[in-house]
Structure formats: C-alpha cells, structure tokens
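The next block holds one structure in the form of structure tokens; read it before the comments.
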Amino acid sequence: MPDAGPTAVLPRRPLTVGELLDSAVLLLRAQARVLVPVALALAVAEQLLLYPLRLFAGTAPPVWFLESGRFGAYWLLLAVGAATEAVVVLLLGNPAARAAGAALLGRTVGARELLRPASARWGATLLLAVLVGVVMCGFALFGPVWIVGFALLGAVAPALVVDRVHPLRAPLRSAALAVRGAGRAGWIRLLGYLVWWIVRLGLGIGVYLGLDSFDLVDRAWAGWLSLAVWAGVNAVAYPALACLDAVLHLETRMRTEGLDIRLSRARAGTPEAVLLAAGR
C-alpha cells in the first residue's frame with residue numbers, strides 16, 4: 001500500500017510541509033537514474049546558453065555577480081536565467097509527475113516505462129515549456145513579480161500528464177491549485193526553491209573556491225570550470241524541484257479535492273482511470 005509507512009514516496013493522505021519535502025526527496029531517489037542524467041543534459045545546455053550573457057554583463061566566476069555599470073545587462077541575465085530554470089523544471093516535471101502518480105497508486109515506475117514516449121504528452125510539454133519560459137522571463141523583468149509567476153506555475157506539468165487536462169488549461173489549473181487554501185501550494189513551492197537555492201549557492205561557490213584554494217583552477221579555464229560546477233549542482237536541484245512540484249500537486253488535490261478518498265473508493269474501473277479523470 002502506498003500509505004503503509006513513513007518511508008512511502010507519497011502517502012495517500014494530506015501531508016505536512018516537512019513530509020512534502022521528504023516525499024520529494026524520496027521520489028528523486030527512486031527515479032534518480034532517469035531524472036538526474038536528463039537534468040544534467042538540460043543544465044549543461046542552460047549554462048552554455050547563459051554564458052554569453054554572463055560575459056556581456058561583465059560578471060566573473062564563481063558567483064557571476066553584478067559588476068558596476070552593467071546593471072541593465074545583468075538584469076537581462078537574471079530574467080533569462082529565471083526563464084531557463086522554469087523551462088528545465090517543467091520539462092523534468094513530466095517524468096517526475098508520472099512517477100509520482102504511479103507512486104500514489106503503490107506502483108514503482110521503471111526507467112524504461114518512464115522514458116517511453118507513449119502517452120507522455122511530450123509535444124504539449126515542450127510547447128508549454130516555451131510558454132512558461134516566455135512568461136517567466138517577462139515576469140522576472142519586473143523584479144518581484146517573478147515570485148508570483150513561480151508560485152503559480154509549478155503544477156503545469158503535473159496538470160498536463162497526471163490530470164490529462166487540455167494543454168491550454170494546464171497553466172490555469174496550476175494557478176487555481178496554487179492559490180487554494182490561502183496560497184498554500186504556492187508558498188510551499190517558493191519555500192522549496194529557497195531551500196534549494198541556498199544549497200545550490202553553497203555548493204556552487206564552495207566547490208569552486210575549494211578547488212581554487214588548492215591552486216587547481218587554471219585562470220584560462222575558470223569560467224568553464226564554474227559552468228561545469230553549476231551544471232552539476234543544478235542536475236540535482238532541478239529534478240528535486242520537479243519532484244516537489246509533482247508531490248505537491250497530488251497532495252493539494254488530496255487536500256482540496258478528496259483525491260485520496262476517490263482512490264480508496266475506486267471499485268469500478270482501475271485506480272489509474274480515477275486518478276486521471278479526477279482532475280478534469
């Protein structure tokens with residue numbers, strides 16, 4: 001049974017904030033051999049995309065922080081970075097959400113099933129990733145407005161692949177779930193981002209400075225080394241955020257839509273059918 005103990009990936013009941021964070025980590029551990037390599041490839045692509053913007057902004061590794069007189073270029077870098085983060089997390093949210101849905105039903109999804117394109121709705125996921133990236137870039141250009149966009153758009157991938165809603169409805173479904181219960185899901189997503197931002201910052205800077213302290217950093221390659229370190233850190237952080245989005249989506253549905261009750265009462269038809277139809 002999926003709710004047979006505290007080590008369950010996703011117990012079939014409303015969870016506390018701590019339990020949600022634990023469930024996200026457990027889901028990541030269960031699917032790390034799929035999510036982490038995919039995340040690494042996406043994180044490398046992200047770093048390569050951002051590198052010219054970092055040079056244009058006059059930033060330097062390992063922090064790539066603002067230099068005097070380049071505020072406009074640096075603001076653009078931050079906006080594009082916010083967009084790429086949102087795109088990567090959404091793409092990883094597709095397999096993470098499908099794995100979370102299976103875990104809620106007490107079933108472990110293997111790597112082959114998770115990578116199988118059938119019924120994964122990858123085409124719609126890619127289109128929504130572009131849409132969310134554009135929206136998040138626009139929000140980030142207005143500074144604190146980014147917080148609103150990030151809080152509202154966390155469940156786009158789960159709404160698409162678990163609830164099976166129409167692609168155009170997925171962002172609206174995500175926003176609707178995020179604001180329920182005084183915005184509980186939105187606040188938890190922001191909390192998760194803050195936790196992983198601190199971890200990323202500590203590891204990204206710490207590993208680089210640690211190597212530099214042993215005189216292992218060639219200045220000619222310092223920038224590329226920093227990119228590699230940040231890509232490695234994000235290869236864990238991004239799927240962790242995607243897993244949090246997945247478990248948070250299902251937990252919000254249990255808390256506000258009685259999904260756990262619907263599943264426990266499912267006698268006619270398969271639980272999978274109930275899970276997919278309940279969010280329509």
Side-chain angles (χ1 to χ4, degrees), residues 9 21 23-55 59 61-64 77-78 80-100 103 108-117 120 122 125-126 128-130 132-133 136 150 154 156-158 161 189 192-211 216-217 221-247:
V9 171
L21 297 175
S23 290
V25 172
L26 289 172
L27 180 62
L28 175 59
R29 287 177 55 188
Q31 301 298 337
R33 60 177 178 170
V34 172
L35 295 178
V36 172
V38 174
L40 180 60
L42 294 173
V44 168
E46 178 195 33
Q47 294 300 315
L48 293 176
L49 175 65
L50 294 178
Y51 187 58
L53 292 176
R54 286 170 171 157
L55 295 179
T59 59
V63 184
W64 306 101
L77 170 63
L78 292 180
V80 175
T84 56
E85 282 187 344
V87 168
V88 172
V89 173
L90 192 153
L91 292 175
L92 293 170
N94 181 306
R98 288 186 284 121
T108 300
V109 179
R112 182 176 299 180
E113 181 179 353
L114 206 59
L115 293 172
R116 187 182 304 136
W122 275 113
T125 301
L126 292 172
L128 285 173
V130 173
V132 168
M136 288 302 299
F150 189 85
V156 171
V161 300
R189 192 182 195 226
Y193 183 87
L194 177 61
V195 169
W196 279 102
W197 180 80
I198 294 173
V199 172
R200 291 159 61 193
L201 197 65
L203 290 176
I205 297 175
V207 170
Y208 180 94
L209 294 180
L211 294 173
L216 297 176
V217 178
W221 294 92
W224 294 106
L225 174 62
S226 180
L227 297 186
V229 171
W230 283 110
V233 171
N234 289 337
V236 177
Y238 285 162
L241 290 172
C243 288
L244 177 60
D245 288 341
V247 300

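Rounding to the nearest 0.5 Å places CG of N94 at 8.0 Å from CG of L114. L92 contributes atom CG, which lies 12.5 Å from atom CD of Q31 (distance to the nearest 0.5 angstrom). Put simply, CG on L90 and CG on L42 are 11.0 Å apart, with the number rounded to the nearest 0.5 Å.
Here the shortest heavy-atom pairing between M136 and A83 reads CB-CA, 4.2 Å. Heavy-atom minimum distance, T125 versus V161: OG1-CG1, 4.4 Å. Across every non-hydrogen atom of P158 and A246, the tightest pair is CG-CA, 4.1 Å. Contact detail for L27 and A96: the closest heavy-atom pair is CD2-O, 3.7 Å. Contact detail for E113 and R98: the closest heavy-atom pair is O-NH1, 3.9 Å. Between A235 and L40, the shortest heavy-atom contact is CB-CA, 3.7 Å.
Side-chain atoms of T84 come within 3.5 Å of backbone atoms of G81 as a donor-acceptor pair (strictly under, hydrogens ignored).
The shortest side-chain heavy-atom distance between L21 and L244 falls under the 4.5 Å cut-off. Looking at heavy atoms from C-beta onward, E46 lies in side-chain contact with Y238 at the 4.5 angstrom threshold. Side-chain atoms of L241 and E85, non-hydrogen and from C-beta on, never get closer than 4.5 Å to each other. Between V236 and W196 the shortest side-chain heavy-atom distance falls below 4.5 Å. For the pair V89/R189, a side-chain contact is recorded, criterion being any heavy-atom separation below 4.5 Å from C-beta on. Contact annotation: the side chain of W122 approaches that of P95 to within less than 4.5 Å [non-hydrogen atoms, C-beta and beyond]. When side chains are defined from C-beta on, L35 counts as touching C243, because their heavy atoms get closer than 4.5 Å. Two residues are said to be in side-chain contact when any heavy atoms from C-beta on lie closer than 4.5 Å; L126 and L91 meet this criterion.
In this structure, the ring of Y208 has its center no less than 6.0 angstrom from the ring center of W230.
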Y193/R200 under side-chain contact (heavy atoms from CB on, under 4.5 Å): CA gap, chis, key distance, verdict: CA-CA 10 Å; Y193 183 87; R200 291 159 61 193; 3.9 Å; yes

